[in-house]
Amino acid sequence: MSATKLLVTGLARNMAPSELAQLFRSYVDLLRIAELSADRAIVFVPDRSHAVRAVRELNFRVVRGKVIQVRITGNCTAPAGATLSPRVDPSGEADPRGCSWNFYVGNIDPAVPFGRVVELFRRYGTPGCWQRAGSRTTGLVQLSTDLHWMAVVQGLCGAIVGGHRITVKISHLDVGPGAVLEMGAEAANHERTDCKMKKLHVYNFAVGRITASDLVHMFNPFVKVQGVEVIDRNQAYVYVANKCAARAVQEQHGRVICGEALQVQLATDKQHDPGKLPDVPRVTSRRPDLKDRNWRFGVRTDKATDFAKVLDLFRQYGTVVWSCCHVDGIGGYVLLKTPYHWLRVTQGTDFVLVGGYRIRVTALLDATITEVSLTKLANEKHSKVLARDDAVHRKSQAGLKISSKKFLVSLLLSNISPNVNASDIIYLLSLYVDLQGLSYRDQYAYAYVPDRSQAAIAIRELNFRVIGGQPIQVRIAYPSQVTASITKPTIPRERPWLKPYCWRFLVSNIHPERALKHVTDLFRRFGRPIFSFRNVTKPSSGWILLETDQHWTTITEKLNKKEGAGVVVTICGDADFNPFVVDDQVVEEKRPAEVPTSLYVSKASTLSLDASDLAYLFGLYAEVVGVYMNRDYAFVTVKSQSQAVQAVHELNGRFVGGPTLPPLEVSLSKDTGTGSNLCFILPPARKRPDLSEPIWGFVVKNIDPEVPFEQVRQHFLRFGTICSSVRHANRTYGSVFLKTSHHWRTVAARLDGVKLGGHRLSVFQSMRDYTEMGTTYYLFVEQGHDLMLEASDLAYWFGLFAKVVAIFVKQRFAFVHVSTRSEALRAVHELNSRYIHGPLLAPLTVRYEGVTPAKYRTRTALAVQQPPGNPPQPIWRFGVRNIDPGLDFNRVLELFRPLGTVRWSGRDGTGTFGSVILETTMHWQIVLQHLRRRTFLGGHRLLITHVTTNDGVSALSGMTKVN
């Protein structure tokens with residue numbers, strides 16, 4: 001009989017075979033359990049389908065506090081004596097808590113209590129225990145749930161806690177000692193009397209308007225209230241659990257209730273005797289005004305900002321109950337009714353671009369700020385009260401009831417052109433949806449449709465559609481539903497000019513030498529181009545306004561394929577874009593071909609180029625009209641814009657005078673006309689043949705580390721002469737400076753993707769100078785409290801990995817200067833935390849500091865004397881954690897001995913931690929890669945790390961030396 005063999009590891013000690021058999025029989029048919037040892041077992045199941053189900057249901061399951069791992073080892077013949085034990089439905093005998101899993105949680109905000117993370121897991125089950133790492137950014141949570149771990153990970157991964165988006169994974173690690181244990185059911189009944197409480201001082205609520213029952217009703221959605229003590233009609237004490245006090249303050253402090261900002265803070269006597277708690281009043285409050293939260297905000301705007309648009313931004317989060325703004329236009333105040341916390345609102349509205357200015361929003365939580373004081377302040381500063389949405393939110397004493405009529409979906413139409421009136425919007429919407437109402441205001445409007453399906457149709461047909469010269473923007477307003485008490489508008493007469501679509505497209509990736517007319521011809525098959533405009537400062541992009549009978553999604557989908565000849569087409573619905581005002585004629589090029597155009601040249605003085613040199617260089621590709629030279633930059637005027645584009649194409653990024661100088665940076669000037677106050681002169685001609693042949697810089701990536709760099713150079717030699725080349729220390733990329741008659745686009749196109757040594761090279765242009773001549777880099781070196789190395793010793797050790805230029809030795813530290821940055825980084829990689837004089841002295845600490853200051857660059861290079869023979873082998877220190885206290889430490893050392901010589905080893909008093917100093921030919925990172933493959937000893941998974949502490953063996957006095 002055939003069978004499939006499963007290997008089960010990580011079992012708890014003394015686990016009975018019957019217990020393991022019952023666990024497997026809950027999900028699959030079982031044949032036999034064999035080779036059951038202290039921490040592992042072999043399990044046989046009938047076929048592979050049963051094995052796959054067992055792995056899915058039991059792998060990483062927590063059983064008796066240990067995480068078991070189940071994997072398939074292969075198919076085999078059933079062992080002798082194997083009998084089929086069919087699966088047993090555990091529905092009647094299962095633990096009501098379900099199964100347990102350990103979850104790893106990462107990217108936690110260190111300032112956020114771990115309890116907030118645990119609260120997320122309570123949605124899926126009962127957290128048994130949890131543990132937070134010392135860095136406070138990661139942790140483990142053990143969860144008892146009836147769900148599979150994949151459902152929990154899918155639901156929690158990416159949740160935002162304290163501004164950080166956490167990551168949740170299944171963990172194979174056990175929750176270690178020091179974990180926080182969840183109270184059992186029997187302890188939960190005595191929670192009020194057994195745990196410490198904190199007393200919160202709640203004050204500044206409306207006099208006589210808040211009762212003890214209201215306080216319990218307000219706080220219970222966030223924390224469990226353990227007692228309430230009302231002091232007078234304006235303040236009270238609320239008792240909550242010790243770990244819940246911070247959340248209660250965060251959720252309730254500054255909340256506006258009955259016109260007053262509620263103040264919540266810890267009382268002076270924070271800890272309270274749990275035996276003297278007041279009673280928790282019965283919750284009889286059902287006040288609807290306590291469900292939603294009101295917050296006050298202060299807004300700072302620009303004088304030109306329309307405050308009504310600011311209010312529309314706040315309406316995305318709730319209802320604006322009250323607002324006012326200054327007549328001077330410098331800001332205002334908003335009272336917002338919202339289900340969100342004030343921090344969520346400020347994160348979504350602060351620094352948002354409104355009318356060309358980024359507004360600043362702050363929450364006003366002070367008890368002294370009220371609508372009365374703000375109105376008084378507004379009157380003093382000559383302010384005015386704006387839109388008040390009190391019709392939606394009135395005081396409950398008025399006796400108004402919410403209408404029972406059906407709801408309509410509201411749409412917000414913004415960026416409406418002043419040339420478009422309300423009747424145009426009504427006619428346009430009536431073409432696609434059943435319009436129920438329209439509220440038109442200056443440059444924006446609210447439209448009301450029966451349901452969300454019609455709202456989606458209106459958004460698809462009208463969003464980004466150009467009407468009256470501006471692209472209208474359509475989205476669902478907030479609140480999205482309103483009562484159907486709006487008068488239905490009358491459909492105006494026929495307006496055929498509004499029926500065709502009109503879209504504005506952004507076209508990018510246009511070749512600079514290609515006329516825009518060719519791109520415009522691509523759009524003619526879809527409709528009539530009204531105008532086309534090329535970006536003056538970036539000739540590779542432009543805009544096209546098209547009148548058509550097709551939707552913009554169809555046009556972009558077809559043009560972005562092969563039909564578009566390499567261009568990238570996207571819809572352009574930017575409300576602030578208005579390059580120029582055009583009539584209804586086609587404008588193929590905005591600027592005439594013969595208008596003189598200026599080019600901006602940066603860093604011209606650092607390249608030792610005067611006006612005559614620039615005139616000769618630019619004259620190779622364009623007809624130069626004049627040159628203006630300044631100390632840091634220059635302007636070169638050529639005859640036409642097409643010639644200017646050609647000059648930018650040929651000269652931008654070119655190295656002039658060799659790769660030791662910065663590259664030439666050429667761009668079209670924003671002031672391309674002739675109306676500038678700068679004085680342009682045409683200098684006398686002077687030929688510079690050395691400038692005619694270009695030098696381009698290239699970066700080559702994805703190089704096989706085993707391939708010599710000379711093979712990469714051979715590919716470039718087909719196009720010209722290599723001036724210089726550099727390969728990075730990690731050997732996977734480098735730079736090449738090539739003197740060639742070809743353009744860099746031609747070279748990059750032919751070499752990019754070339755296969756060399758099994759790797760496909762990635763070649764592209766670089767405007768960065770990798771060979772900064774005359775520049776050196778320095779390293780900071782120390783060794784414990786006193787530096788035991790002389791200058792000659794440092795010159796020897798650093799000379800193994802870099803070209804040493806100078807060394808400055810102090811009593812406790814030293815500075816080593818090397819020639820290149822790559823050599824400096826390699827020296828740090830090889831020498832940092834390395835023991836030089838054996839394990840008795842402290843290791844070296846090497847840190848990269850940057851470019852050498854100019855006053856130290858004149859020092860002469862040192863003559864490094866290389867001793868005979870090979871250099872000494874590196875010595876590294878490693879820490880080993882999570883050791884089984886009953887395990888012989890020599891078994892741990894057996895892991896290290898195949899990799900080198902153990903110079904010293906020790907173990908602390910608890911037996912769970914040890915230290916090993918190893919002499920080896922490998923780098924410490926390679927050693928860790930070898931050791932992490934076999935770190936399971938005695939039922940414990942060892943945690944081996946590289947120790948970078950700046951101490952020698954003398955700092956390990958608390959350990960017992962192991963030979």
Side-chain angles (χ1 to χ4, degrees), residues 309 311-319 338-340 348-349 352 392 403 405-417 420-441 443-468 470-492 495-506 526-527 545-560 569-575 577:
K309 295 184 178 180
L311 296 181
D312 289 337
L313 181 63
F314 277 93
R315 290 190 181 100
Q316 299 178 14
Y317 298 91
T319 304
T338 174
Y340 304 111
T349 56
V352 173
V392 180
S403 175
K405 299 181 180 180
K406 66 176 183 178
F407 288 94
L408 300 175
V409 179
S410 61
L411 295 171
L412 174 61
L413 291 77
S414 57
N415 195 40
I416 301 177
S417 172
V420 178
N421 52 36
S423 59
D424 295 333
I425 300 296
I426 294 174
Y427 174 77
L428 201 58
L429 286 168
S430 64
L431 296 176
Y432 307 103
V433 297
D434 182 15
L435 184 64
Q436 300 295 319
L438 182 75
S439 175
Y440 185 82
R441 303 180 186 180
Q443 295 189 2
Y444 69 97
Y446 288 95
Y448 305 97
V449 295
D451 50 39
R452 281 189 173 268
S453 63
Q454 295 202 25
I457 295 174
I459 292 175
R460 182 186 184 276
E461 297 293 337
L462 297 182
N463 194 30
F464 301 143
R465 188 165 174 174
V466 179
I467 304 172
Q470 292 183 198
I472 190 172
Q473 297 180 359
V474 185
R475 66 177 185 272
I476 295 179
Y478 191 94
S480 59
Q481 292 183 339
V482 296
T483 55
S485 58
I486 302 172
T487 305
K488 190 172 183 177
T490 303
I491 306 301
R495 304 192 179 194
W497 61 88
L498 291 178
K499 288 185 178 181
Y501 292 113
C502 190
W503 309 107
R504 188 171 65 201
F505 296 95
L506 171 64
F526 302 101
L545 184 65
L546 182 70
E547 184 182 88
T548 177
D549 57 351
Q550 300 186 35
H551 196 263
W552 67 265
T553 55
T554 305
I555 299 173
T556 55
E557 182 180 359
K558 292 182 178 180
L559 288 179
N560 285 329
V569 181
T570 56
I571 190 68
C572 181
D574 189 1
F577 175 84

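Hydrogens, waters and symmetry mates play no part in the numbers below; they use all other heavy atoms, side chains included. Residue indices begin at 1 and follow the sequence shown.
Across L438 and A422, no two heavy atoms sit closer than the pair CD2-O, 3.8 Å. Taking each heavy atom of I459 and R475 in turn, the nearest pair found is CD1-CA, 4.2 Å. Smallest separation of non-hydrogen atoms from V409 and A455: CG1-CB, 4.0 Å. Of all the heavy atoms in L546 and G527, the pair that sits closest is CD1-C, 3.8 Å. Smallest separation of non-hydrogen atoms from S417 and G468: OG-O, 2.9 Å. The heavy-atom pair separating L462 from I472 by the smallest distance is O-CG2, 3.0 Å.
A salt bridge does not link K309 to D312: none of the charged nitrogens lies less than 4.0 Å from a carboxylate oxygen.
In this structure the side chain of I476 reaches within 4.5 angstrom of the side chain of L411, judged on heavy atoms. Here the side chains of L431 and E461 are not in contact, with every heavy-atom distance at 4.5 Å or above.
A donor-acceptor pair is defined here as one N or O able to donate and one able to accept, closer than 3.5 Å; no such pair exists between the side chain of S439 and the backbone of Y446. Q454 contributes a side-chain N or O that, together with a main-chain N or O of D434, makes up a donor-acceptor pair within less than 3.5 Å. In terms of modelled atom types and a separation under 3.5 Å, the side chain of T548 and the main chain of F526 share a donor-acceptor contact.
Between I416 atom CD1 and I467 atom CD1 the span is 8.5 Å, to the nearest 0.5 Å. For the atom pair Y440 OH and N421 CG, the distance stands at 6.5 Å (nearest 0.5 Å). In this structure, the separation between OH on Y448 and CG on L435 is 10.5 Å, given to the nearest 0.5 Å. If you take OG1 on T554 and CD on E557, they are separated by 7.0 Å, rounding to the nearest 0.5 Å.
Under the rule for a salt bridge (charged side-chain N to carboxylate O under 4.0 Å, His left out), the partners of E547 that lie at least two apart in sequence or sit in another chain are R528. In terms of the side-chain contact (heavy atoms from CB on, under 4.5 Å) criterion, residue partners of I571 (sequence neighbours excluded) are, by chain and number, F464, W503, F505, W552. Scanning for salt bridge (charged side-chain N to carboxylate O under 4.0 Å, His left out) contacts around D451 gives an empty result, with sequence neighbours left out.
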Original post:
Given the rule in the side-chain contact (heavy atoms from CB on, under 4.5 Å) test, do C502 and L545 qualify, once you have shown the distances and angles that lead to the verdict?
Top reply: CA-CA 7 Å; C502 190; L545 184 65; 3.7 Å; yes
Subject >> Chi angles and distances behind the side-chain contact (heavy atoms from CB on, under 4.5 Å) call for Q316, T349 >> reply: CA-CA 10 Å; Q316 299 178 14; T349 56; over 6 Å; no
Subject >> Worked check of side-chain contact (heavy atoms from CB on, under 4.5 Å) between L428 and R465 >> reply: CA-CA 11 Å; L428 201 58; R465 188 165 174 174; 4.1 Å; yes
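Ring geometry for Y432 versus Y501: interplanar angle under 30°, hence parallel rather than tilted (30 to 60°).
Under the 3.5 Å distance criterion, with hydrogens and angles disregarded, no donor-acceptor pair is assigned to the side chains of N415 and Q473.
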